[in-house]
Amino acid sequence: MGNTQDQPAVTTTNTPTVEPSPAVTTPSTQGPRHHRSRHHGSTRQTRPRFVQIGNIALSVIKGNIIHQTTDVLVNSAAPDLDLRKGRASKSLLEAAGDSIQSECTDQYPTGINSKTVAITGPGNLHCKAIFHVTLPKWQAQGDEKNIDVVVRNCLAEANKQRLTSMSFPALGTGFLKYPPRTVIASMFKTVEDFAKSNPNSTVKIVNCIVFAGDNDTFKEFLDEAKSKATSKGLQEKDMVTRNSLNANIGTISVDIAVGSIITERADVIVNSCPSDMKLDSRPGLAKAMYEAAGSGLQAEIDQNYPNGLKIGDLAVTDGHSLHCKKLYHGCMTSFYAKKASGLLPEKVLQNFVTKCLVEAKKNSVQSIVFPALGTGFLKFPPKTAATNVIKAIREFQMNNLPSTIKTIKIVIFGGTNDWSSVEQAYTSEVTTTGKGAAVSIAQTAPLPTPKRGTRAYLAHKYREEPRTPSYWTHFLNTKTIKEWNTTQKGNPYKVSSVDQKTYKSISRAFNNTGGSTIVRIERIENILLFEQYTQECQRTFRKAYVTQACTPLKDVQQSTGIAVTMKHLDKEMTNHLHDEINECYLFHGTKVAVVDVITQQGLDSRLASSGLLGTGVYAADTAAKSTGYTDQNQSGERKMFLMRVCLGDIFITKTCNKYKRPPCKTCGNDFCTTHPELYDSVVAEFNMRELVVYDSSKCYPEYLITYK
């Protein structure tokens, strides 16, 4: 399980997930896949190590269970399932959201005992289910049987639901006083027994997560795990290697395997790289290719592709020290990125695979090896990535007969703790007919609208066909926005007076935050602008689904609280907004002369001068702040918009910085090309708060306030 056989089965931080890294003996620097770090800089991590017990890989990991990405997270709870009891359970509840407490209360009103498992949805956590278990307090030797019962029942339930990976906490080692060595020994034996009696179990990965601050328990777990592994003749590993599936798609043999792509032998090996084609600029597959192929590869790229690659394009180089004749390089976008050339990221992925196959056929290639494109750094859900890759292969096979290509191999990196979910997605996709396969981020989302605050709800909001707000009076929500935009004749916008209740609500927010005498309030119904805004909101929902729901403005470090506007508006107005993506109403003061342009065309930062935080669309949560940006007409009237704004992931600063876009969430640089995640907005906590988005589609000027 590592560089030497006497090392323990451990990773030193949270489970990383990236595209393939270098060979098994080389440490890698990898960021956690879903943990939303609020500080800048990267964390040094080592690849997860494990012992292979039958068909199950068992690891001990130092970290926090709420940051794990396995199918199942196990929660040690009180018998009455009040998740507020206990430090670990309370922490999980806060991260997952109140929906899991509601499920526990509704589905298990009498609680549970140590022989039962309560199952809830994931809430906002990045798993498929949470298994809630309870243990009696440790009394004497022999009570380890309680650990055995709990672990065995969880494994059996996961297998029943065809789930592939699980993360357990260090069961019972806190308040319940179970000896750490006894706990891990019992877990080891239970996993061993289960693996022997269930050789075809879907469960492939079992992680034991020891809280990062509990060094004593961590050391005892490691020592005991090492002892047990040694006594069984098991060695530590850091790379799963296995042949998962061999099938035929038409005349092409398609192999699915787990391992490292840089050890493969084929005519062509495919590489996913950054757009600047600097292969060593970020950890993952591209850097692994760079290190394995030798410096000659980068020299060839620099000579032939000095300007890098456009999204979706294909570059071809020699294989250099890799075991192939050619390398195909491509740059794709993260799953929640904006459309590239009008295409969603999954379509870019599919088209790139097709380009590789067409190029291979043109050059009489017989064998080509792909990585599991998109499932690491680019954060594609495994099912979505597999669906689009296999769809491209099927369509190529049907449309390109005869073809020289005899073998296509897809290699899933075996050095992470979630390879099994990717393997399952690919093997399932290859063994289906491929007809009517849907591209979805949540294949099992229920038809009724899921509960607010859950991951299922985030997926639902991304997939739904948006409609106009129910209170609009011209473009009614009896039609979808697309239906309106394909049938509407004449002006795509309508300006109308608001009802009395809305008038009073906005007046209160305006007057209580420094506004003066209101002349009138009008609502702007611009179906074209609103479509752009809803598309951006849906992209943010998609991003929140993949990473996790956006931290509310009031909870972001250094924040002074919620947007002041939201304190004064009626709930009937604010209920139409989505705090999961930090959507709120904010003021925007402007010059009278440009009001008609904004009403028709929206806000455009390109027409504004650069402010203290760079060139963007500025807003405020107080009318007093926005008034400073207005002027008056001959009648003494001024104009101010009340906008819907999708703040998404918020970066807070107390200093001025001329941003061109929001900074990177890892390194803080707004020019970063190394990391995929950027903040969506910048909030300056000056004397009077300023909120900035750098994309005009993130805001919609819904109300126009005329005042003196």
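- In this structure, the side chain of D318 does not engage the main chain of K326 through any donor-acceptor pair within 3.5 Å.
- Residues V72 and F168 are not in side-chain contact: their nearest non-hydrogen atoms beyond the backbone lie 4.5 Å or more apart.
- Taken to the nearest 0.5 Å, the CG atom of D71 stands 6.5 Å off from the OG atom of S420.
- Annotation for Q303: atom CD does not count as buried by contact number, only 12 or fewer foreign heavy atoms lying within 6.0 Å.
- Side-chain contact between L378 and T333 is absent, with no heavy-atom pair separated by less than 4.5 Å.
- Rounding to the nearest 0.5 Å places OG of S244 at 11.5 Å from CD of Q424.
- Looking at S59, its side chain never comes within 3.5 Å of a backbone N or O of N207 through a donor-acceptor pair.
- Rounded to the nearest 0.5 angstrom, I61 CD1 and S167 OG are separated by 6.5 Å.
- When side chains are defined from C-beta on, L285 does not count as touching F413, because their heavy atoms never get closer than 4.5 Å.
- With hydrogens and angles ignored, the 3.5 Å screen pairs no side-chain donor or acceptor of E429 with any backbone N or O of V389.
- Rounding to the nearest 0.5 Å places CG of L58 at 4.5 Å from CD1 of I53.
- Residue V206 comes nearest to I56 through the heavy atom pair CG2-CG2, 3.7 Å, listed as atom of the first residue, atom of the second, then distance.
- Distance check, rounded to the nearest 0.5 Å: CZ of F188 to CG of D193 gives 11.0 Å.
- In this view, I249 and V254, I390, I393, R394, Q397 satisfy the side-chain contact (heavy atoms from CB on, under 4.5 Å) rule, not counting sequence neighbours.
- Summarising the geometry, atom CH2 belonging to W419 is positioned 10.0 Å from atom OG1 belonging to T241; distances are rounded to the nearest 0.5 Å.
- Between the side chain of R539 and the backbone N or O of A337 there is no donor-acceptor pair closer than 3.5 Å.
- Remark: the backbone N or O of L73 is not paired with any side-chain donor or acceptor of Q68 at under 3.5 angstrom.
- Side chain of S201 to backbone of N198: no donor-acceptor contact under 3.5 angstrom is found.
- Between Y426 and the options I410, V258, L245, T387, a side-chain contact (heavy atoms from CB on, under 4.5 Å) holds for only I410.
- The shortest non-hydrogen separation linking P274 to A286 is CD-CB, 4.1 Å.
- Side-chain contact check for Q532 and E536: no donor-acceptor pair (N or O, by modelled atom type) lies under 3.5 Å.
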Considering only distance and modelled atom types, tabulate donor-acceptor pairs under 3.5 Å from the side chains of residues 304-317, sequence neighbours left out.
residue: Y305; atom: OH; partner: V316; partner atom: N; Å: 3.0
residue: Y305; atom: OH; partner: V316; partner atom: O; Å: 3.4
residue: T317; atom: OG1; partner: H329; partner atom: NE2; Å: 2.9

Checklist entry - Between I205 and M166, does a side-chain contact (heavy atoms from CB on, under 4.5 Å) hold up when you go through it step by step? => result CA-CA 6 Å; I205 294 171; M166 308 183 68; over 6 Å; no

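- R455 places a side-chain N or O within 3.5 Å of a backbone atom of Y545 that can act as its donor or acceptor partner.
- Contact of the V369 side chain with the I261 side chain is registered, since non-hydrogen atoms from C-beta on lie closer than 4.5 Å.
- Between L357 and I368 there is a side-chain heavy-atom pair separated by less than 4.5 Å.
- K379 forms no cation-pi arrangement with F335, by the criterion of a distance under 6.0 Å to the ring centre and an angle within 45° of the ring axis.
- Using a 3.5 Å distance cut-off with no hydrogens or angles, the side chains of S253 and N246 do pair a donor with an acceptor.
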I'd like a table of donor-acceptor pairs (distance under 3.5 Å, sequence neighbours excluded) in which one partner is a side-chain atom from residues 401-409, with atom names and distances.
residue: S403; atom: OG; partner: I405; partner atom: N; Å: 3.1
residue: T404; atom: OG1; partner: V365; partner atom: N; Å: 3.4
residue: T404; atom: OG1; partner: V365; partner atom: O; Å: 2.8
residue: K409; atom: NZ; partner: E264; partner atom: OE1; Å: 3.0
residue: K409; atom: NZ; partner: E264; partner atom: OE2; Å: 3.4

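- A salt bridge (Lys or Arg N to Asp or Glu O under 4.0 Å) check over residues 241-256, counting only residues at least two apart or in different chains, returns the pairs R242-E423.
- At least one side-chain heavy atom of Q350 sits less than 4.5 Å from a side-chain heavy atom of K391.
- At a cut-off of 3.5 Å, with distance as the only test, a side-chain donor of E359 or N363 sits close to an acceptor on the other residue.
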Check your understanding: Run the side-chain contact (heavy atoms from CB on, under 4.5 Å) check on D302 and K278 step by step: do they pass?
Key -> CA-CA 9 Å; D302 292 343; K278 301 300 182 185; 3.3 Å; yes

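- In terms of heavy-atom proximity, M239 sits nearest to G415 at SD-N, 3.7 Å.
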Test side-chain contact (heavy atoms from CB on, under 4.5 Å) on K339 and K347 and set out the steps.
CA-CA 9 Å; K339 292 181 179 180; K347 189 64 177 177; over 6 Å; no

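- The residues R542 and E346 are annotated as salt-bridged, a charged nitrogen and a carboxylate oxygen being separated by less than 4.0 angstrom.
- A donor-acceptor contact shorter than 3.5 Å links the side chain of N64 to the backbone of I66.
- A pairwise comparison of heavy atoms in L322 and A292 identifies CD2-CB, 3.6 Å as the closest pair.
- For K660, the salt bridge (charged side-chain N to carboxylate O under 4.0 Å, His left out) criterion is met by no residue, not counting sequence neighbours.
- T263 and H323 make their closest contact through O-CD2, 4.1 Å (heavy atoms, listed as atom of the first residue, atom of the second, distance).
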Might you work through the side-chain contact (heavy atoms from CB on, under 4.5 Å) test for F396 and V358, ending with a clear yes or no? CA-CA 8 Å; F396 171 83; V358 170; 4.3 Å; yes

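- Taking all atoms of both residues into account, the shortest heavy-atom contact from F380 to A385 is CB-CB, 4.0 Å.
- With S165 contributing its side chain and T70 its backbone, the two residues share no donor-acceptor pair below 3.5 Å.
- Legend: residues meeting salt bridge (charged side-chain N to carboxylate O under 4.0 Å, His left out) with E300, ordered by chain and number and at least two apart, are absent.
- Counting heavy atoms from C-beta outward, N351 and L343 have side chains that approach closer than 4.5 Å.
- Between the T69 side chain and the H126 main chain, no donor and acceptor come within less than 3.5 Å of each other.
- A heavy-atom distance below 4.5 Å is found between the side chains of T547 and E677.
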